[in-house]
Each structure stands twice: as structure tokens, then as C-alpha cells.
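Here the structure is laid out as C-alpha cells; the discussion comes afterwards.
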Amino acid sequence: MPADPARGREPAGLRRGVRAGRRDRARRGGAPRSRAPPRADPGQASLFAAPAAAPAPAGPDVAALVRELEAQLRAVAGSPRSHRLNLLLAAESQGGLIAAEMHHEGLPWNRGIHEQLLEQMLGPRPEEGRRPARMQSLAEHVGRVLGSERLNPDSPQDLLRALNSAGVRVGTTRKWDLMAWAAQGGAQTEERRELIRPVLEYKQLYRLWTANGWHWLDEWIREDRFHAAYVVGGVVTGRWAAHGGGAMQIPKTVRDAVRAEPGHVLTVADASQVEPRILAAMSGDRALAVAGRGHDLYLGIAEIGQRTGSALKDRQAAKIALLGAMYGATSGDAAAMMPHLRRLFPTAIELVERAAAAGERGGQVSTWLGRTSPVPDEAWFASVRDVGTAQAESRSRTLSRSHGRFTRNFVVQGTAAEWALCWMGEIRRRLRSGGADGAGMRTRMVFFVHDEVVLYGPEEEAEAVHGIVADAAEAAGRLLFGDAPVDFPLTVAAVGSYAEAK
DNA sequence: TGTAACTCATTG
DNA sequence: CCCCCAATGAGTTACA
């Protein structure tokens, strides 16, 4: 059953019911549309009770909610894909519940270990408004080395000027630009590395300090828990977003502060190569599905590549090619491998190409369960139509292609988000019905990042939990794709520290 | 002075 | 190897 990612849009009532996301905010140009009411603070636990002392809260208008629900039910009933839409609504609803539970539960966070880590890397906590000692001395050192006293390395402009005048020919101050410059040094590569080393070190410490330093600890860790505030369906594709604390970007360097208490264990379950597996399932591409059965999908492709003499002969090549196909790479190794990929997996490639073509025309695409992509705004259509000059035509193509890459990725990323939602829903159900006495287990889901779930509970439940997350992954695949020959293997680790996983 | 946009690093 | 998809957040910078 091939999916048609470019099929017609859903009824308007449903499109309001299934939130379109927050993409408008990120889009430049054009006034913010601001049609959505201010989002309720996810940290506020009570949905129904009005704050006692607050005057006339702009709480939910029950009559309006009922009207919205009725419109939604009508829209779903009138849709040719009502079964899938109902599944989407149920999954979203369950997702809302899970997000609230995770927020309430919180990820165990050992403040002492985090502080130890900060002190080790940055030095003691500085006075307010001052740099940590290690950063201050690095800043001064960088200034001396580049011959720019009074350099403020926090300022990209300052830093770029100083680098250029010291002979470091880079266009930006990005880490990768600096490393590329050093790598091109020929015989001087080592000297160049030595020159930029303190700059890179400063940048690394700066990031740690500003994103996950003492301020972050003070603001986000309460009683040794990090309570991530999720926004279910907050991303335009249907992925979860998180508001506050950078919950979806917790760097690997601080994950060692996530610790189980004695007698407890963290179970970290990570789904492997979800998006290409999703692509295999929704396109009905048997060859791609079979390539991932029972083992690493990219390795599976590499094996096929070797057998058939294709250029996709190692894991890295297969990975780059497949990611490029889903992201819409137009240059480099990924683009060069597209013909090989198309020869091996024509059905899968056709799906993403059709999604891209629809997007380039300004059309909508939809996920497996029926979430539709937004229509570009009027300015987009105007620019795409304007091909009066060479410059305008070039701009038109850039915009068109860009939206094509977005819709190309939307179908895969959005359907992967649906799978993840079903996966967590199945985990939740099994946790609640599992356990020796049937009263449910004590282990809870405490954290989620797109294709990875962290659970926390007593050691003695760890083995059962491992089975539950794996069963749930399989069940989610069946729920969405029936008996399609695609499986969803996991990497599961029962650990005392998040840093030990993966 | 206050806000919007940019820059960079981080995650999947 | 940093090109391409989706995000958040802090700090800087441009500008009204």
C-alpha cells in the first residue's frame, strides 16, 4: 500500500484541531500570524482549576472547546482516512498525558556531580557578572596569541577580526571553519592546530557555562530532578518541542549528572535508524525493509551494495546516501550517491521525490496518519512566481527548492514522530498493566528525545522493562504499518548514569 | 533604551 | 565531512 504524500488536504476543522505547530515564528519575513492563543505554561499542572486569587483567567472556554471537538469529530468522520486520523488523535492525546507525567516525574539529576563537573572544567563558581577563572585566563591567552589585547572572544565580530589579522583566513568563527583551516595547513597543520586550540577550548567552555552552567542548575534543577516542559506536537512535523532548559539538547558532556539513586536504575532505550525504517514502511519498499531486518540498516545496505557492486559499499556511504535522500542533499557525496540509491530502492526514493516535487510547487504533503504540512505564505508564492530577472529567477528556485526539502523531510520526520508516540503509548500501557500483582510497575518514563526514551525505576524491574520497551516498539510498528516487513530494533541499556548509555 | 535579527553550539 | 531536515537558547549586534 503505497502512500501518496501529496494527497489532498484535510478538512479545515481538523486542521485547526490538529495543531499546525509553531513554524510561523521561525519563518522570517511577513508579520507573525499569531492566530494561536498564548500557550498555557506546561509547568502549570492544573488544566481545570482556576487559580483561586487570579482575576478572570483567560481559561478554556468550555463551549468553544465543545464546538471544536464537534468540528473535529465531523471532520474525521468525513475523511476517507478516518481510521488513521483517529489513531493520530488518540496518539496525540496519549502523548499529552505522557508528557505531563514525565514533567511531573522529572529526570533524576545529581546536582553535586554536575557542580563537580563544572568546577573541574571551569574552576570555582565565579561572582555574578564575571567569567569563570579558566575562561578568563584562556581569553587573555587568546588575546595575546592573536596579538589583540582587550579581545572579547564572546563577540564573533571581534574574534573574527582578531583571527584574520593574525593570518587565520576563515570566513566565520565556527568551530568547523577553524578546524578546516587547520586541516588545510599542509606542513603547518600542527602549528595551526596549536594556534586555534585555545580558541576552541574557550568556545567549548563558554557553551558549557552559558547553556548548562550554574545558572542553569539554579533555574532548572529542583530537588535533584530536571522537569522537562514538553510541548507535544510543538514542532511543525509533529515532533515534540520543549520549552525551557534546553531539554532536547542536553549535551553529552553533562549527562553524567543524570544518576540513579541506590537500588534504582535508568533504562535508556534508543530506536535505531528510525527514519529510514519509517521510509521503508510507508513507501512499501521491500528491499529497504529487508535490508534492515534483524540488524543495522546501514550495514544491511552496505552488504547489498557489495553484492551488487554498487558504490554503497560501506556503512558510512550508505548512511550518508540515505540521510541525503531524506534531507534533499544537492551536492557532495550524498548527492553523488543518489543514482545508486535509486537503483537499489526505487520505491522508497520515489516517495521522497514526490514529496519534494509537491513542496516545490507550494503543495501540501501529509504523514502516514494524516498530519498535513503547512501551505507557504503569500510572499512565498509571489517570490516563486516572480521570474522577471535572472536574480528573481534564482531566488524563486532557491525558495522553491528549500520548501521542497522541507516537505521531503516532513513526511518521514513526521511519521517517525507518530511511531515514537505510539511506541511510548504502548510502553505506558504495559507499565501500567505489568508487574507481579497486576497493579502496575513502579518504573516510570522520565525523559524523551525524538527516538529515545529514558525510564527510571527499581533495579528489580529493569529486566522486565527491557522486554516492555522492545515489545512496545514492535507493537508500534504493527499498529501503524500492519504486517509490513519492517522492524524497529532498539539499543537498550540499564545504567546507573545516563553517560554510560550509548 | 528596547526589540528584532543574527551567530554559534547543541540535540535528534 | 559539515552539505542537506527539525529544533532551543544565550549572547551580540543592528536599528528604530
Side-chain angles (χ1 to χ4, degrees), chain A residues 21-23 25-29 31-32 131 152-160 170-181 183-184 199-200 202-213 215-216 219-220 228-231 233-255 270-276 279 316-317 319-338 352 355-356 359 373 398 401-414 416-417 420 447-453 502:
Chain A
R22 301 193 299 174
R23 188 154 215 266
R25 193 171 64 80
R27 282 276 158 266
R28 353 169 259 261
R131 283 194 187 108
N152 173 17
D154 301 351
S155 159
Q157 277 179 357
D158 268 24
L159 184 56
L160 187 60
V170 287
T172 77
T173 65
R174 285 192 200 106
K175 183 167 79 176
W176 278 106
D177 260 11
L178 292 168
M179 289 172 64
W181 173 80
Q184 289 159 10
V199 180
L200 297 179
Y202 181 89
K203 288 165 82 80
Q204 188 199 349
L205 296 183
Y206 174 83
R207 171 70 190 180
L208 173 65
W209 180 50
T210 55
N212 296 100
H215 282 161
W216 183 89
E219 192 171 351
W220 295 105
Y230 295 105
V231 187
V235 177
V236 65
T237 57
R239 275 184 171 184
W240 288 15
H243 187 249
M248 310 298 249
Q249 296 95 229
I250 300 295
K252 295 198 162 75
T253 50
V254 304
R255 291 189 185 177
D270 189 293
S272 313
Q273 306 108 35
V274 173
E275 292 188 358
L279 174 58
Q316 187 63 4
K319 181 177 177 177
I320 286 180
L322 213 42
L323 289 176
M326 291 184 299
Y327 291 162
T330 55
S331 66
D333 293 348
M337 283 189 278
M338 281 299 288
V352 289
S373 67
T398 300
R401 293 245 166 93
S402 169
H403 197 252
R405 287 194 303 275
F406 165 64
T407 51
R408 170 194 291 264
N409 188 249
F410 182 96
V411 294
V412 179
Q413 186 183 121
F447 197 64
F448 170 66
V449 194
H450 307 314
D451 59 3
E452 176 181 328
V453 174
K502 207 171 178 183

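Proteins come first, then strands; the chains are lettered A, B, ... in the order of their sequence lines, and each starts at number 1.
A distance-only check finds no donor-acceptor pair linking the side chain of A/R239 to the backbone of A/A416 [under 3.5 Å]. Listed for the A/N409 side chain is no donor-acceptor partner under 3.5 Å among the backbone atoms of A/Y327.
The side chain of A/S155 places an N or O atom within less than 4.0 Å of a non-bridging phosphate oxygen (OP1 or OP2) of C/dT13. Distances shown here put every side-chain N or O of A/K175 at or beyond 4.0 Å from the OP1 or OP2 atom of C/dC2. Distances shorter than 4.0 Å separate some side-chain N or O of A/R174 from OP1 or OP2 on B/dC8. OP1 or OP2 of C/dT13 has at least one side-chain nitrogen or oxygen of A/Q157 nearer than 4.0 Å. Residue A/R405 places none of its side-chain N or O atoms closer than 4.0 Å to OP1 or OP2 of C/dC4. At the phosphate of C/dA10, neither OP1 nor OP2 sits under 4.0 Å from any side-chain N or O atom of A/K203.
With distances taken from any side-chain atom of A/Q249 to the nucleotides B/dG12, C/dA7, C/dA10, the minimum falls on C/dA7. In this structure, of B/dT10, C/dA6, C/dG11, it is C/dG11 that holds the atom nearest to the side chain of A/D154. Among C/dG11, C/dA6, C/dC2, the nucleotide with an atom closest to any side-chain atom of A/W176 is C/dC2. Taking the side chain of A/R255 as heavy atoms from C-beta on, and the options B/dT11, C/dA6, C/dA10, the nearest nucleotide is B/dT11. When each of B/dC8, C/dA10, C/dA6 is scored by its nearest atom to the side-chain atoms of A/T173, the top-ranked nucleotide is B/dC8. For A/P251, the side-chain atoms get nearest to B/dT10 when compared with the rest of C/dA6, C/dC2, B/dT10. With distances taken from any side-chain atom of A/N152 to the nucleotides C/dA7, C/dT12, B/dG12, the minimum falls on C/dT12.
Here A/I320 lies out of heavy-atom contact (under 4.0 Å) with every strand. Counting non-hydrogen atoms under 4.0 angstrom, A/R401 reaches nothing in the nucleic acid. Counting non-hydrogen atoms under 4.0 angstrom, A/Q273 reaches nothing in the nucleic acid. The residue A/T330 sits apart from the nucleic acid: no heavy atom pair falls under 4.0 Å. At the heavy-atom level, A/A335 lies nowhere under 4.0 Å from the strands shown. Counting non-hydrogen atoms under 4.0 angstrom, A/Y206 reaches the backbone sugars and phosphates but no base.
The aromatic rings of A/F406 and A/H403 sit tilted, their planes meeting at an angle between 30° and 60°. Ring pair A/Y230/A/F447 is tilted by interplanar angle, where 30° to 60° counts as tilted.
Contact of the A/Q273 side chain with the A/L322 side chain is not registered, since no non-hydrogen atoms from C-beta on lie closer than 4.5 Å.
Mapping A/W220 and A/S331 onto DNA chain C via the closest heavy atom, the residue that lands nearer the 5' end is A/S331. Residues A/P156 and A/G246 each lie close to DNA chain C; by heavy-atom proximity, the contact nearer the 5' end of the strand is made by A/G246.
Remark: P of C/dA7 and CD of A/Q413 are 7 Å apart, rounded to the nearest angstrom. A straight line from CE of A/M337 to C1' of C/dC1 spans 11 Å, rounded to a whole angstrom. Atom CZ in A/R408 sits about 12 Å away from atom P in C/dA6, given to the nearest Å. For the pair A/F410 CZ and C/dC5 C1', the computed distance is 12 Å after rounding to whole Å. Atom pair A/D158:CG and C/dA14:P shows a separation of 11 Å (rounding to whole Å applied). Atom pair A/K319:NZ and C/dC4:C1' shows a separation of 14 Å (rounding to whole Å applied). Computed from coordinates, the A/W209 CH2 to C/dG11 P distance equals 7 Å when rounded to whole Å. In this structure, the NE2 atom of A/H450 is 12 Å from the P atom of B/dT11, given to the nearest Å.
Of all non-hydrogen atoms in A/G171 and A/L160, the two that sit nearest each other are O-CD2, 3.6 Å.
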Handout entry: Residues A/V254, A/L208; criterion side-chain contact (heavy atoms from CB on, under 4.5 Å); working and verdict
Key = CA-CA 9 Å; A/V254 304; A/L208 173 65; 3.6 Å; yes
